[in-house]
Amino acid sequence: MAETKYDTFGLESSYLAHGQSQRVIECENDWMQFSRQVPVEGDAKGKVALWSLIRLVPLNSSMPLRYFFISNIAGGLSLQYQSSSLVLVSPETPVGKILLSQEEGECISLTLAGKSTEFEIDLIQ
């Protein structure tokens with residue numbers, strides 16, 4: 001139990017350092033799991049599945065192409081891919097649930113930045 005403000009500061013620093021070390025371990029485990037995965041070309045029926053890369057083309061909108069990668073690790077991570085944003089989404093997220101089992105050519109509706117937009121699934125890799 002902290003007796004002075006300096007004790008409190010030391011205790012808070014200790015908690016922060018522990019949390020950061022735990023996050024580093026989680027990131028290392030995610031990286032190891034991710035590096036072991038073999039790229040797949042969708043599932044046998046050409047549907048979106050875990051480890052799929054999906055390109056979405058907005059319909060009736062001037063929005064840029066959107067890329068999503070279905071991954072059970074590092075969800076929410078955003079990267080640059082072919083001059084566009086690529087977002088890793090887990091299957092449990094609202095976007096992941098919408099994308100899973102969709103096929104190339106199907107249209108979906110996503111709410112991005114508070115605005116509902118229609119997209120066509122242009123590519124599944």
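Predicted model, so just to flag it, every value in this text is computed and none were measured. The first residue in the sequence is number 1, and the count goes up from there.
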- Item | Selection residues 85-108 - residue pairs positive for ring-ring contact (aromatic ring centres under 6.0 Å, His included), sequence neighbours left out |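 Listed once each, the pairs would be none.
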- Query: According to the ring-ring contact (aromatic ring centres under 6.0 Å, His included) rule, which pairs have a member within residues 95-125, sequence neighbours left out?
  - Reply: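 As it turns out, there is no ring-ring contact (aromatic ring centres under 6.0 Å, His included) pair with a partner in residues 95-125 once direct neighbours are skipped.
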May I ask you to decide if [Y]'s main-chain N or O and [X]'s side chain share a donor-acceptor pair within less than 3.5 Å?
| X | Y | value |
| --- | --- | --- |
| Q102 | L99 | no |
| T111 | G114 | no |
| E104 | I124 | yes |

- Query: What's the spacing between L110 CG and S116 OG if we round to 0.5 Å?
  - Reply: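 It is 8.0 Å, given to the nearest 0.5 Å.
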- Measuring from L65:CG to S84:OG, what's the distance to the nearest 0.5 Å? 5.5 Å
- Query: What residues form a ring pair (Phe, Tyr, Trp, His ring centres under 6.0 Å) with F9, not counting sequence neighbours?
  - Reply: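 Checked F9 against ring pair (Phe, Tyr, Trp, His ring centres under 6.0 Å); zero matches.
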Set of residues satisfying side-chain hydrogen bond (donor to acceptor under 3.5 Å, both in side chains) with respect to [X], sequence neighbours excluded:
| X | value |
| --- | --- |
| E26 | R23 |
| S85 | S78 |
| Q82 | Y67 |

Minimum side-chain heavy-atom gap [X]-[Y] below 4.5 Å:
| X | Y | value |
| --- | --- | --- |
| T117 | M63 | yes |
| L56 | I108 | yes |
| I73 | L88 | no |

- Name the one of V89, V87, I54 that satisfies side chain to side chain contact (heavy atoms under 4.5 Å, CB included) with V95?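 Looking at V89, V87, I54, the match for V95 under the side chain to side chain contact (heavy atoms under 4.5 Å, CB included) is V89.
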- Item | Single-linkage hydrophobic cluster, 4.5 Å side-chain cutoff, L53 and L79 together | yes
